[in-house]
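First up is the structure itself, then whatever we jot down about it.
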Amino acid sequence: MAAAKPQLLQRFVLSAFLLCLCYSANGVQCFKEKKLLKLQQFRWRQHGRHAGTTTTACLSHKSRREKGAAILEIKHRDGCSGTGKIVDWNKKQQKRLVLDDVHVRTLQSGFKNRVSGSMKDVSDAQILLTSGTRLQTLNYIVTVELGGRNMTLIVDTGSDLTWVQCQPCKLCYNQQEPLFNPSASSSYKSVLCNSSTCQSLQFDTGNPGACGSNPMSCNYVVKYGDGSYTRGELGSDRLSLGTASVTNFVFGCGRNNKGLFGGTSGLMGLGRSESVSVVSQTSALFGGVFSYCLPTTESTASGSLIMGGDASIYKNSTPISYTRMVNNPQLSSFYFLNLTGISIGGVALQASSFASGGILIDSGTVISRLPPSVYKAVRTEFLKQFSGYPTAPGFSILDACFNLSAYQEVNIPTLKFHYEGDTEMNVDVTGIFYLVQTDGSQICLALASLSYEDEIAIIGNYQQKNQRVIYNTKDSKLGFAKESCSFT
């Protein structure tokens with residue numbers, strides 16, 4: 001009898017534990033795989049906070065060389081605008097969603113035109129092949145050295161051509177650093193319009209290099225979906241990434257630029273082109289491999305952009321798992337993968353659209369977009385598991401929202417994307433919910449539906465936070481691993 005009591009006690013404890021896995025005391029449903037979200041840490045503590053104390057908070061010049069790789073500090077622009085103005089973070093968060101919606105609509109329209117072969121004019125191709133510009137949604141910046149001058153650039157895997165604002169400038173937006181001055185650089189050269197580099201411009205940027213008169217320079221124009229643009233001529237100069245240098249690096253020298261590029265000097269193109277992108281032009285040094293770890297939005301947070309493929313310098317806490325890149329001849333500048341499934345709280349979802357076409361991974365889109373049938377399955381399962389919490393109205397592209405202002409912390413279902421080759425991306429806890437209201441009264445599942453089943457799905461930067469994402473263009477594969485982003 002005495003021996004049976006411990007067994008009965010064990011059974012009781014086990015039953016109580018299993019019961020707790022199903023329901024909690026307040027009626028909130030539990031689930032197999034979950035992550036703890038501490039809402040006090042997640043909420044933006046920026047009510048009344050200045051956008052930036054000094055301009056140097058934004059313009060980080062940190063870099064180092066390690067085992068043949070160049071490591072650059074990467075930061076989110078929200079923590080370092082350097083304007084000194086009070087920021088309404090509620091409006092900022094909401095505006096980002098609206099702009100992200102415009103960007104994706106423009107991008108999808110360009111995709112359809114490109115694939116169907118119905119480009120009406122050069123501007124259509126320009127909008128497409130530069131991913132439409134994200135402006136406010138192009139969130140991540142690094143600092144490089146061009147012609148001996150520090151230049152802080154927006155990072156974009158959906159663009160090929162790197163460009164900076166140049167003197168003399170006919171029309172330039174305000175930037176924090178001095179404009180690039182070609183005449184002050186002894187290593188600067190103009191790219192001539194009869195060169196092979198100029199001739200390849202049409203394939204890589206969607207517009208042909210036109211001949212200028214100063215003298216016979218290769219002119220370029222890149223137009224973006226919101227009416228912003230950069231115009232100028234191609235040039236070449238020494239590019240330094242940390243202590244690694246590339247001579248005769250080809251870039252756009254913008255003389256006429258308009259847009260909300262956040263005080264940066266221009267844009268860094270990390271697209272998949274074989275001529276003008278940073279990846280192709282540095283392939284002799286870094287073997288066509290780069291990776292990043294995108295940090296959160298706090299001003300003190302930082303991550304890293306690593307040019308080079310020595311995995312021993314990564315700080316990943318889980319093994320790297322690779323999936324193959326999918327070639328898309330009509331959209332060759334972009335990075336596509338085969339998405340095979342999504343799981344919520346450990347529950348694998350069933351949807352026919354998983355097998356149709358590739359999914360685009362993009363550093364410029366904020367919120368990931370899924371085909372309607374896939375999104376419906378994800379949303380249904382998430383609401384099933386995350387039940388019992390007060391709901392809130394949807395906002396813009398987000399329609400699964402909650403009022404969590406009364407909670408200090410909540411357990412939320414895990415979110416995993418599964419790719420060909422048994423590769424998975426386990427989304428960080430900070431990438432599952434999007435804070436529309438900074439007090440937590442409107443917090444939404446950070447995923448959105450595409451308008452149509454045949455549109456191209458996108459993995460956005462919001463779901464890529466605190467991940468080491470490795471692009472190996474030489475072997476045509478892309479890897480994921482969990483990493484707490486930090487430059488140090």
Side-chain angles (χ1 to χ4, degrees), residues 103-104 106-134 138 155-163 196-209 218 220-225 234 250-252 267-284 286-292 322-339 356-365 369 419-420 454-460 469-479:
H103 149 62
V104 171
T106 303
L107 189 61
Q108 296 293 342
S109 177
F111 284 153
K112 285 185 178 180
N113 289 336
R114 181 69 172 179
V115 172
S116 66
S118 60
M119 286 290 185
K120 296 179 181 179
D121 53 36
V122 169
S123 63
D124 286 338
Q126 291 161 358
I127 291 173
L128 164 67
L129 293 177
T130 55
S131 297
T133 207
R134 272 64 78 173
L138 277 167
V155 174
D156 187 16
T157 58
S159 294
D160 290 317
L161 181 67
T162 297
W163 60 267
S196 59
T197 299
C198 189
Q199 293 169 7
S200 68
L201 188 65
Q202 181 170 14
F203 179 80
D204 291 327
T205 67
N207 66 97
C218 179
Y220 79 90
V221 56
V222 177
K223 295 181 180 179
Y224 300 108
L234 288 192
V250 176
F251 65 99
L267 184 142
M268 182 181 191
L270 290 170
R272 207 177 172 185
S273 84
E274 297 182 358
S275 57
V276 299
S277 79
V278 171
V279 184
S280 58
Q281 291 195 70
T282 62
S283 60
F286 305 123
V289 178
F290 73 95
S291 68
Y292 54 66
Y322 285 95
T323 186
R324 72 179 180 94
M325 294 179 183
V326 178
N327 292 321
N328 189 320
Q330 290 89 4
L331 305 170
S332 57
S333 293
F334 297 91
Y335 297 96
F336 284 92
L337 310 172
N338 269 336
L339 180 70
S356 59
I359 189 167
L360 167 68
I361 183 167
D362 186 24
S363 68
T365 301
R369 302 301 206 282
Y419 303 96
E420 180 182 320
D454 61 350
E455 291 182 316
I456 292 176
I458 304 172
I459 299 296
V469 184
I470 304 108
Y471 295 73
N472 186 330
T473 62
K474 181 181 179 182
D475 296 332
S476 194
K477 63 181 183 179
L478 193 142

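The first residue in the sequence is number 1, and the count goes up from there. When reading the values below, keep in mind they use all heavy atoms of this one structure, side chains included, and skip hydrogens, waters and symmetry mates.
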Would you name the heavy atoms of [X] and [Y] that are closest together and state the gap between them?
X	Y	result
Phe334	Arg272	O-CD, 3.8 Å
Thr323	Glu420	OG1-O, 2.7 Å
Gln281	Val250	OE1-N, 2.7 Å
Gln108	Ile458	NE2-CD1, 3.9 Å
Gly158	Asp362	N-OD1, 3.9 Å
Tyr335	Thr157	CE1-O, 3.7 Å

Q: Identify which one of Ser277, Ser332, Ser280 satisfies the side-chain contact (heavy atoms from CB on, under 4.5 Å) criterion when paired with Asp160.
A: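 Looking at Ser277, Ser332, Ser280, the match for Asp160 under the side-chain contact (heavy atoms from CB on, under 4.5 Å) is Ser277.
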
Q: Report the C-alpha distance between Val222 and Trp163 in whole Å, list the side-chain angles of each, state the deciding distance to 0.1 Å, and finish with yes or no for side chain to side chain contact (heavy atoms under 4.5 Å, CB included).
A: CA-CA 10 Å; Val222 177; Trp163 60 267; 5.5 Å; no

(Q) Just so I know, are the side chains of Thr365 and Leu360 near enough to count as touching, which here means a heavy-atom distance under 4.5 Å? (A)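 Thr365 vs Leu360: side chains apart.
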
Q | Trace of the side chain to side chain contact (heavy atoms under 4.5 Å, CB included) decision for Leu270 with Ser363 | A | CA-CA 10 Å; Leu270 290 170; Ser363 68; over 6 Å; no

Q. Is a donor on one side and an acceptor on the other found under 3.5 Å between the side chain of Asp475 and the backbone of Lys477?
A. no

Q.
side chain to side chain contact (heavy atoms under 4.5 Å, CB included) for Tyr419 and Ile459? Distances and angles first, verdict last.
A. CA-CA 12 Å; Tyr419 303 96; Ile459 299 296; 3.6 Å; yes

Q. Which class fits the ring pair Tyr471 and Phe290: parallel under 30°, tilted 30 to 60°, perpendicular over 60°?
A. parallel

Distance from [X] atom [atom1] to [Y] atom [atom2], nearest 0.5 Å?
X	Y	atom1	atom2	answer
Leu161	Ser273	CG	OG	9.0 Å
Ile361	Phe336	CD1	CZ	11.5 Å
Leu478	Asn472	CG	CG	9.0 Å

